[in-house]
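One structure below.
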Amino acid sequence: MKMFATERRDRIIDLLQERKRITVKELSSEMGVSEATLRADLNKMELDGLLTRTHGGAVLNDEKENETSFNVRQKKNKVEKAKIASKAFQHIEEKQCILLDASSTALELAQLIKDTPIRLTIVTTGLQTALELKENPDITVILVGGVVTNKSTSIEGTLGLDILDSVNIDIMFTSANGFTVENGLEDFNLYEVQLKREIVKRASKVIALIDSSKIGKSSSAVFAKVEQVDKLITDEPIHDDIRSQLLVKNVEIIIAD
């Protein structure tokens, strides 16, 4: 079966995370794709900061940079994130006030919303998300104020919290770097976590958009306990043990087809 470019590149990242370095010949053998196509993929991925080209192959970039760079996260598991965003879109109704965090999955959702004739107020902590939505005349976009740091596309800190006291957030759509039953939703940026905690308290409903690679994974700090999450949208069925524990805690689990 022919692989799309995004699928090939996701697979390349998966293999590099397993082995740290790989050759074009190995990729071609494993994926059934021509070496010429794979060289073009690797060259493009190097430009995007995902990896470093070597003679005959590639190595994975610094793990911390790969984990935290929005440019990297946006391209990772893109097919799964698109499915999750499509399912999340079905929960949005006319005239609602929703919040989209600065995650790459929320950006996928914003890209669906931007071309839809629907009247919404959208609060966001994501710079790219705000820019994506601003051209739709039916949408009022509110960007939460705060600090913007190097290589970040998110607002950090709680300087802009006052604006949240002026709106009623019907749904907060948020992703995370990790999600466990014990801890809930976790992320790596402590300043962004601080802001997310405050937003969770103010939202009437919290819908977590978590691709299956993040479930069972921990990160630096918790911003929402499981009890604060109303719905979890993911791309694959969840292990029975985790599923039963979430259901006991009244978390509705939705699998994106």
Side-chain angles (χ1 to χ4, degrees), residues 4 6-7 9-11 13-14 17-18 66-68 70 72-93 96 98-113 124-126 129 154 169-189 192-193 196-197 199-200 203-257:
F4 293 105
T6 54
E7 293 174 310
R9 292 166 190 174
D10 280 349
R11 180 60 180 150
I13 289 294
D14 288 341
Q17 287 177 330
E18 291 173 12
N66 252 307
E67 188 71 18
T68 61
F70 183 86
V72 172
R73 289 184 286 125
Q74 186 179 5
K75 294 172 176 60
K76 194 174 178 183
N77 300 326
K78 192 169 178 64
V79 172
E80 291 82 358
K81 290 173 183 176
K83 289 180 182 178
I84 292 169
S86 180
K87 184 65 72 171
F89 183 73
Q90 298 173 17
H91 292 77
I92 298 172
E93 298 178 4
Q96 281 183 326
I98 67 173
L99 184 136
L100 303 181
D101 71 2
S103 67
S104 54
T105 310
L107 181 59
E108 289 279 349
L109 179 54
Q111 289 165 347
L112 291 176
I113 296 171
T124 185
T125 57
T129 299
S154 65
I169 300 170
D170 295 303
I171 306 174
M172 175 187 186
F173 290 98
T174 182
S175 189
N177 194 48
F179 177 72
T180 63
V181 175
E182 296 76 18
N183 296 331
L185 295 168
E186 302 176 73
D187 234 321
F188 52 81
N189 185 319
E192 193 175 344
V193 162
K196 281 187 173 186
R197 282 179 186 154
I199 297 171
V200 167
S204 298
K205 183 181 293 184
V206 175
I207 298 182
L209 313 177
I210 310 292
D211 70 73
S212 53
S213 70
K214 307 289 180 60
I215 295 177
K217 176 183 175 183
S218 293
S219 193
S220 302
V222 177
F223 67 86
K225 292 289 188 182
V226 169
E227 292 80 6
Q228 295 175 293
V229 177
D230 296 279
K231 299 177 190 287
L232 169 68
I233 304 179
T234 188
D235 58 287
E236 289 185 1
I238 297 174
H239 190 279
D240 287 345
D241 287 347
I242 297 176
R243 181 182 181 85
S244 60
Q245 291 178 71
L246 290 176
L247 291 176
V248 166
K249 293 178 181 290
N250 298 314
V251 178
E252 182 182 349
I253 300 166
I254 301 167
I255 308 302
D257 299 325

Applied to residues 236-257, the side chain to side chain donor-acceptor pair (under 3.5 Å) test, sequence neighbours excluded, yields E227-K249, K231-E252
Counting distance only, does the side-chain N/O of D230 pair as donor-acceptor with the main-chain N or O of I207 below 3.5 Å? no
**Message:** For the backbone of L209 and the side chain of S175, can you confirm whether one donor and one acceptor N or O come within less than 3.5 Å of each other?
**Reply:** yes
Separation between CD1 (I255) and NZ (K83), nearest 0.5 Å, reads 11.5 Å
N183 meets the side-chain contact (heavy atoms from CB on, under 4.5 Å) criterion, sequence neighbours left out, with T180, E186, S218, V222
- [ ] Using a 4.5 Å cut-off on heavy atoms from C-beta on, say whether the side chain of I199 contacts that of D101.
- [x] no
Of all heavy-atom pairs linking I215 and T234, the shortest is CD1-OG1, 3.7 Å
E18 meets the side-chain contact (heavy atoms from CB on, under 4.5 Å) criterion, sequence neighbours left out, with R11, L15
On a heavy-atom basis, the closest approach of L109 and A88 is CD2-CB, 4.2 Å
Sequence neighbours excluded, the answer for side-chain contact (heavy atoms from CB on, under 4.5 Å) partners of A176 is L185, I210, F223
Taken to the nearest 0.5 Å, the spacing of I238 CD1 from I253 CD1 works out to 4.5 Å
So CG of L100 and OG1 of T124: to nearest 0.5 Å the spacing works out to 5.5 Å
Q96 meets the side-chain contact (heavy atoms from CB on, under 4.5 Å) criterion, sequence neighbours left out, with I92, E93, I98, L120, D170, I171
In terms of heavy-atom contacts, N177 and S219 come closest through ND2-OG, 3.0 Å
Between the CZ atom in R197 and the CD atom in E192, the distance rounded to the nearest 0.5 Å is 12.0 Å
Contacts of S212 meeting side chain to side chain donor-acceptor pair (under 3.5 Å) (sequence neighbours excluded), chain-then-number -> D235
Rounded to the nearest 0.5 angstrom, the NZ-CG distance for K196 and D187 is 4.0 Å
### Message
Any heavy-atom pair between the side chains of L232 and F179 that's under 4.5 Å?
### Response
yes
dist K81:NZ -> T105:OG1 (nearest 0.5 Å) comes out at 5.0 Å
> Within the side chain of T129, is there an N or O that forms a donor-acceptor pair under 3.5 Å with the backbone of A102?
Replying inline: no
